[in-house]
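These values consider heavy atoms only, across backbone and side chains, with no hydrogens, waters or symmetry-generated copies. In this text the structure is predicted, and so the values were computed from the model without any measurement. Labels below follow one simple rule: chain letters A, B, ... track the order of the sequence lines, proteins then strands, and each chain is numbered from 1.
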2 protein chains.
Amino acid sequence: MQADIRNILKRNQLSVTASREKILHLFLEQSGALAHGDIEKRAGEKFDRVTVYRTLQTFVEKGIIHTIPTADNSVRYALCKDNCEAGHHHDQHIHFVCSHCGQTFCLDDVVTPEIKLPRGYSTNHIEVVVNGICRECTA
Amino acid sequence: MQADIRNILKRNQLSVTASREKILHLFLEQSGALAHGDIEKRAGEKFDRVTVYRTLQTFVEKGIIHTIPTADNSVRYALCKDNCEAGHHHDQHIHFVCSHCGQTFCLDDVVTPEIKLPRGYSTNHIEVVVNGICRECTA
DNA sequence: ATCAAAAAAGCAACAATGTTGCAAATATTT
DNA sequence: AAATATTTGCAACATTGTTGCTTTTTTGAT
């Protein structure tokens, strides 16, 4: 695990620092998405707020994590599975927000559908967020 | 137009005030979505920030406008067409963000697709945001 | 039209969130 | 192990959003 973390950092030409290791660790041990606030809490108040902001920004730039759009204000981040395996960013998957536990998940196996747009519009990227009850909360 | 605005407010049991008229007017004269900041700017610095927040909140509660999820931080609001005609909230349409002009539009004619989820997940609501180039910017 | 009651606006103060510049600390490279 | 490059933490600030309370405006009844 620790080796994985260092690998991911090195593969992305990032120097290995305590905060990056810790924050990446949080993502790896967690199935859902994390907001900036979650990270500050779970990191055990060890890192400066600014460091967390900058680390997340760096990870997004490198494609290690991606942001998830939400209807409320909060920005959430999740590991980009494809990237972490291949070093290249594909986000064809959809996101799921559980209205019971509040967690956000990437459904890596569910592919974004085709959308037929009116004449004159062209598409770069499609983002799908499904709201409902997740597997854990249903069981 | 002015009569329309008063109608919408009255239909929703809201008292008719200058700020509500002005803000609703901004939405009606505008094809795209508005963020809180846009409204403060376009209103001509007449209203207190708090009033704008509270007005938007009220409009959302009444179903006059709805929020649009975005990957960046900003919350955007758009008129709910169905509601303004029927007094009842349906948001089956998708949203389009133009990466050229930055505007956000409701594509009222494009219906949210069916999404097949893995076993154990149930769906309440599906939000689709398409990023691309809009009709204006293509022409 | 006037007045009383209800609702909303504006103000002030605050809380949370995000940003920037810079000096000190840490990681990398040789 | 030292020099260089990078990152961290701090302080200060900017932006965004919230809350309580007083004044103003709107509404509804007379």
Side-chain angles (χ1 to χ4, degrees), chain A residues 2-3 5-26 33-62 64-77 102 104, chain B residues 2-3 5-26 33-62 64-77 102 104:
Chain A
Q2 208 58 25
I5 288 173
R6 288 165 163 264
N7 270 342
I8 293 170
L9 292 174
K10 297 217 164 174
R11 190 193 307 152
N12 287 282
Q13 291 107 42
L14 293 176
S15 42
V16 178
T17 67
S19 60
R20 285 175 182 166
E21 284 184 301
K22 180 66 183 176
I23 291 174
L24 196 42
H25 182 83
L26 287 176
L34 294 170
H36 172 94
D38 299 326
I39 292 164
E40 272 196 291
K41 276 169 214 143
R42 301 201 197 179
E45 318 195 28
K46 285 176 63 178
F47 304 111
D48 194 84
R49 247 151 40 77
V50 178
T51 301
V52 176
Y53 279 114
R54 289 199 270 227
T55 303
L56 289 172
Q57 190 180 305
T58 303
F59 284 0
V60 170
E61 278 163 12
K62 291 295 184 179
I64 299 172
I65 60 177
H66 60 276
T67 58
I68 301 175
T70 51
D72 65 337
N73 207 6
S74 69
V75 189
R76 282 157 192 267
Y77 301 89
T104 302
Chain B
Q2 208 58 26
I5 290 173
R6 287 164 163 266
N7 271 343
I8 294 170
L9 292 175
K10 297 217 165 178
R11 189 192 309 152
N12 288 282
Q13 292 106 41
L14 294 176
S15 41
V16 178
T17 68
S19 61
R20 285 175 181 167
E21 284 184 301
K22 179 69 184 175
I23 291 173
L24 196 42
H25 182 84
L26 287 176
L34 295 170
H36 172 93
D38 300 326
I39 292 165
E40 273 195 291
K41 277 169 213 140
R42 301 202 196 177
E45 318 194 27
K46 284 177 63 179
F47 304 111
D48 194 83
R49 248 152 38 76
V50 179
T51 301
V52 176
Y53 279 114
R54 288 200 269 230
T55 302
L56 289 172
Q57 189 181 304
T58 303
F59 284 0
V60 169
E61 278 163 13
K62 291 294 183 181
I64 299 172
I65 60 178
H66 60 275
T67 58
I68 300 175
T70 52
D72 66 336
N73 208 6
S74 68
V75 188
R76 283 158 190 265
Y77 301 88
T104 301

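Regarding contacts with the backbone of D:dT27, every side-chain N or O of B:S15 stays at 4.0 angstrom or more from both OP1 and OP2. A:T17 has a side-chain polar atom (N or O) that falls below the 4.0 Å cut-off from OP1 or OP2 of D:dT8. In this structure, A:T51 reaches the D:dG9 phosphate: one of its side-chain N or O atoms is under 4.0 Å from OP1 or OP2.
A donor and an acceptor atom sit less than 3.5 Å apart, one in the side chain of B:R54 and one in the base of C:dG10.
Closest contact between the side chain of B:H36 and the listed nucleotides C:dG18, C:dT19, D:dG17 involves D:dG17.
We find that CD1 of A:I23 is positioned 10 Å from P of D:dG9, with the value rounded to whole Å. As rounded to whole Å, 16 Å separates atom C1' of C:dA12 from atom OH of B:Y53. Regarding A:L9, its CG atom lies at a distance of 9 Å from the P atom of C:dT28, rounded to whole Å. We find that CG of B:D48 is positioned 13 Å from C1' of D:dT23, with the value rounded to whole Å. In this structure, the CD atom of B:Q57 is 7 Å from the P atom of D:dT18, given to the nearest Å. Across the protein-nucleic acid pair, B:L56 atom CG and C:dA9 atom P stand 11 Å apart, rounded to whole Å. C:dA9 atom P lies 15 Å from atom NZ of B:K22, rounded to whole Å. Distance A:L14 CG to C:dT29 P: 12 Å, rounded to the nearest Å.
Atoms CG and CD, from A:L14 and A:E61 in turn, are 9.5 Å apart once rounded to the nearest 0.5 Å. Of the inter-residue distances, the one linking A:Y77 atom OH with A:T55 atom OG1 reads 11.0 Å to the nearest 0.5 angstrom.
Looking at residues two or more places apart in sequence or on another chain, you find a salt bridge (Lys or Arg N to Asp or Glu O under 4.0 Å) between B:E21 and B:R6.
Between B:K10 and B:E40, the residue anchored nearer the 5' end of DNA chain D, judged by the nucleotide with its closest heavy atom, is B:E40.
Residues B:F59 and B:L9 have side chains in contact (heavy-atom distance under 4.5 Å, counting atoms from C-beta outward). Two residues are said to be in side-chain contact when any heavy atoms from C-beta on lie closer than 4.5 Å; B:I65 and B:L34 fail this criterion.
B:R49 comes within 4.0 angstrom of a base, heavy atoms only. Across all strands, A:S19 comes closer than 4.0 Å only to sugar-phosphate atoms, never to a base (heavy-atom distances).
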